[in-house]
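Letters A, B, ... mirror the listed sequences (proteins, then strands); counts begin at 1.
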Amino acid sequence: MTGKSYDMIIITGPTASGKTGFAALLASRLGAEIISADSRQVYRGMDIGTGKDYEDYIVNGRQIPYHLVDIADPGYRYNVFEYQRDFLEVYNSLKQREVLPVVCGGSGMYIDSIVSGYKLIKVPLNHELRNRLEEKSLDELTAILASYKSLHNKTDVDTRKRAIRAIEIEEYYLHNSGTDHEFPSIKPLVIGIMFDRETRRERISKRLKSRLQSGMIEEVKKLLEGGVTADDLVYYGLEYKYICYYLQGRTSYDEMQRGLETAIHRFAKRQMTWFRGMERRGITIHWLPGEMDNAEKVQEVLLYFR
RNA sequence: GGGGAGAUACCAAAGUGGCCAACUGGGGCAGACUGUAAAUCUGCUGUCGAAUGACUUCGUAGGUUCGAAUCCUGCUCUCCCCA
């Protein structure tokens, strides 16, 4: 590899675009290792529903090392802050070993957090503040949060719990300049895999059908039996949410399948919106047509990488 | 064969003479997003448009009326009940 000016490669794209297989092939060519950027594949035991295709990581009989998959128990609530921290740890160790990191995943925010270097400081619990806010209504909390920063959406004031945490963080920022936790500036080559809308939807529908036939419902059942609560599963969204409702008898199989299909289509659309947003903010994504076979895609990427 | 109900925009479904380009929901599209992000939230959704603008719509063909998705008549189709 000559004259490489990128610190890492990122492979992204909406769900069902064939990221993993491609990333693995690319990694095998470059002697690289994969760092997942998938907010759900971090959980152990959530395999079919999150599309952990373990066999995709085996290229020509060789196991491609991958990271940040299966690192948390189901039921746990992993988040961006932890992702950024965990990513950095892996990233640094790869750099130390002079191994090229290939990030692969479709969680736009996770990718953005490492590319744009979100400033996420470790904010400890502030019990005094929490006691003070305990009795406040959501409206009051919203007003308080608004006094710290302008609210550009309702994400932070969705529930009282989130609002209190958001205030806690803002309060902490107020007294801690935040320079103690610089995220390094990383220069990535960002590759996106793109199918036209119709094809994307077809692929999603087809994949859903095959997952349902290959034990996805059993997987959810097993999670429930293993002590993961229904609430946790609903929180995980998509297949875990819809199948959980089905197992609880709240929806018929048909309703589950149809609702889930729609939900995944919408999810893919939101992913695309996120990617467009990143581009608008100045991050260049090199889109490759999904139809192109993986070997050819690898060639394309190598061109960028020279 | 007889009787009844109904046909509204991509789908479902309100509207029963002017306030209707037409409530609402779904779907679709677009956007937002810095500690839940597979989440959460917002906007648009007849056509053309920058538009407070123009044009074309409520099965179909006519009619009544200043004015019809709404009233009348014929036709077509769908559903239900009785034979």
Side-chain angles (χ1 to χ4, degrees), chain A residues 12 14-16 36-43 46-52 72 74-87 105-126 138 142 145 148-173 178 181 183 196-198 200-201 204-205 207-208 211 216 220 231-244 255 258-281 283:
Chain A
T12 191
T15 188
S36 164
D38 189 305
S39 68
R40 293 297 181 264
Q41 292 192 6
V42 296
Y43 301 110
M46 290 169 55
D47 303 335
I48 302 173
T50 65
K52 273 179 221 162
Y76 185 74
R77 303 205 168 185
Y78 195 74
N79 61 52
V80 202
F81 170 74
E82 295 178 58
Y83 179 75
Q84 206 190 35
R85 179 198 62 200
D86 296 343
F87 165 82
S107 296
M109 191 186 197
Y110 282 16
I111 290 175
D112 206 20
S113 80
I114 57 174
V115 171
S116 304
Y118 286 4
K119 214 167 69 180
L120 303 171
I121 305 168
K122 182 163 187 161
V123 177
L125 293 185
N126 182 339
L138 185 56
T142 304
L145 184 60
Y148 283 95
K149 63 169 185 180
S150 60
L151 307 175
H152 19 281
N153 65 36
K154 292 186 172 172
T155 308
D156 286 332
V157 290
D158 214 33
T159 59
R160 293 186 60 254
K161 202 176 147 197
R162 291 203 59 170
I164 289 174
R165 179 60 176 160
I167 293 169
E168 190 171 54
I169 290 165
E170 290 307 318
E171 176 64 24
Y172 186 84
Y173 277 169
H181 196 84
F183 194 82
D196 66 79
R197 199 173 4 247
E198 273 317 299
R200 191 179 81 207
R201 293 172 66 91
I204 288 171
S205 300
R207 189 185 63 174
L208 172 60
R211 283 182 180 179
M216 185 157 63
V220 177
D231 275 356
D232 287 331
L233 290 175
V234 168
Y235 151 81
Y236 289 138
L238 297 184
E239 5 292 268
Y240 297 98
K241 173 177 166 183
Y242 280 79
I243 293 174
C244 180
E255 288 169 327
R258 260 179 298 132
L260 179 52
E261 189 170 333
T262 300
I264 301 171
H265 289 157
R266 303 178 79 150
F267 166 55
K269 199 161 81 61
R270 261 176 285 128
Q271 286 181 297
M272 289 307 296
T273 299
W274 188 277
F275 299 140
R276 282 186 219 109
M278 281 172 57
E279 290 182 298
R280 218 172 287 125
R281 271 171 270 132
I283 295 162

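- A salt bridge does not link A:Arg276 with A:Glu279: every distance from a Lys NZ or Arg NE/NH1/NH2 to an Asp or Glu carboxylate oxygen is 4.0 Å or more.
- Ranking B:U36, B:C33, B:G27 by closeness to the A:Tyr235 side chain, first place goes to B:U36.
- For the OP1/OP2 pair of B:A37 and a distance below 4.0 Å, the side-chain nitrogens and oxygens of A:Arg270 include no atom meeting the criterion.
- Candidate nucleotides B:U34, B:A38, B:G27 were compared by shortest atom distance to the side chain of A:Asp38, and B:A38 ranks first.
- The nucleotide whose nearest atom lies closest to any side-chain atom of A:Arg276 is, among B:A38, B:G31, B:U34, B:G31.
- The separation between A:Met109 atom CE and B:U40 atom P is 15 Å, rounded to whole Å.
- Both distances falling under 3.5 Å, in either a Watson-Crick or a G-U wobble arrangement, place B:A5 opposite B:U78.
- Note on A:Thr50: a base of the nucleic acid sits closer than 4.0 angstrom, heavy atoms only.
- Atom pair A:Asp231:CG and B:U36:P shows a separation of 17 Å (rounding to whole Å applied).
- The side chain of A:Thr273 sits closest to B:C33 out of B:C33, B:G28, B:A38.
- Ranking B:C33, B:G28, B:A38 by closeness to the A:Ser39 side chain, first place goes to B:A38.
- Rounded to a whole angstrom, the distance from the P atom of B:C20 to that of B:A69 is 13 Å.
- Taking every side-chain heavy atom of A:Arg266 into account, B:G27 is the closest of B:A30, B:U40, B:G27.
- Among the protein residues, A:Tyr110 comes within range of the sugar-phosphate backbone only, with heavy atoms under 4.0 Å from sugar or phosphate atoms but none that close to a base.
- Remark: the A:Lys269 side chain and the B:A30 base include a donor-acceptor N/O pair separated by less than 3.5 Å.
- The side chain of A:Arg40 contributes an N or O atom lying less than 4.0 Å from OP1 or OP2 of B:A37.
- Between A:Arg280 and A:Arg201, the residue anchored closer to the 5' end of RNA chain B is A:Arg201, taking for each the nucleotide with the nearest heavy atom.
- Rounded to the nearest Å, the gap between the P atom of B:C81 and that of B:G26 is 33 Å.
- Counting any heavy atom pair closer than 4.0 Å across all strands shown, A:Glu82 reaches no nucleic acid atom.
- For A:Phe81 and B:U34, the CZ to C1' distance is 13 Å, given to the nearest whole Å.
- Counting any heavy atom pair closer than 4.0 Å across all strands shown, A:Gly49 reaches a base atom.
- Both cation-pi conditions hold for A:Arg40 and A:Tyr235: the charged atom is under 6.0 angstrom from the six-membered ring centre and inside a 45 degree cone around its axis.
- Ion pairing of A:Glu261 with A:Arg258 is absent here, as no side-chain N (NZ or NE/NH1/NH2) approaches a carboxylate O to less than 4.0 Å.
- The aromatic rings of A:Tyr78 and A:Tyr43 stand perpendicular to each other, their planes meeting at an angle above 60°, with 30° marking the opposite boundary.
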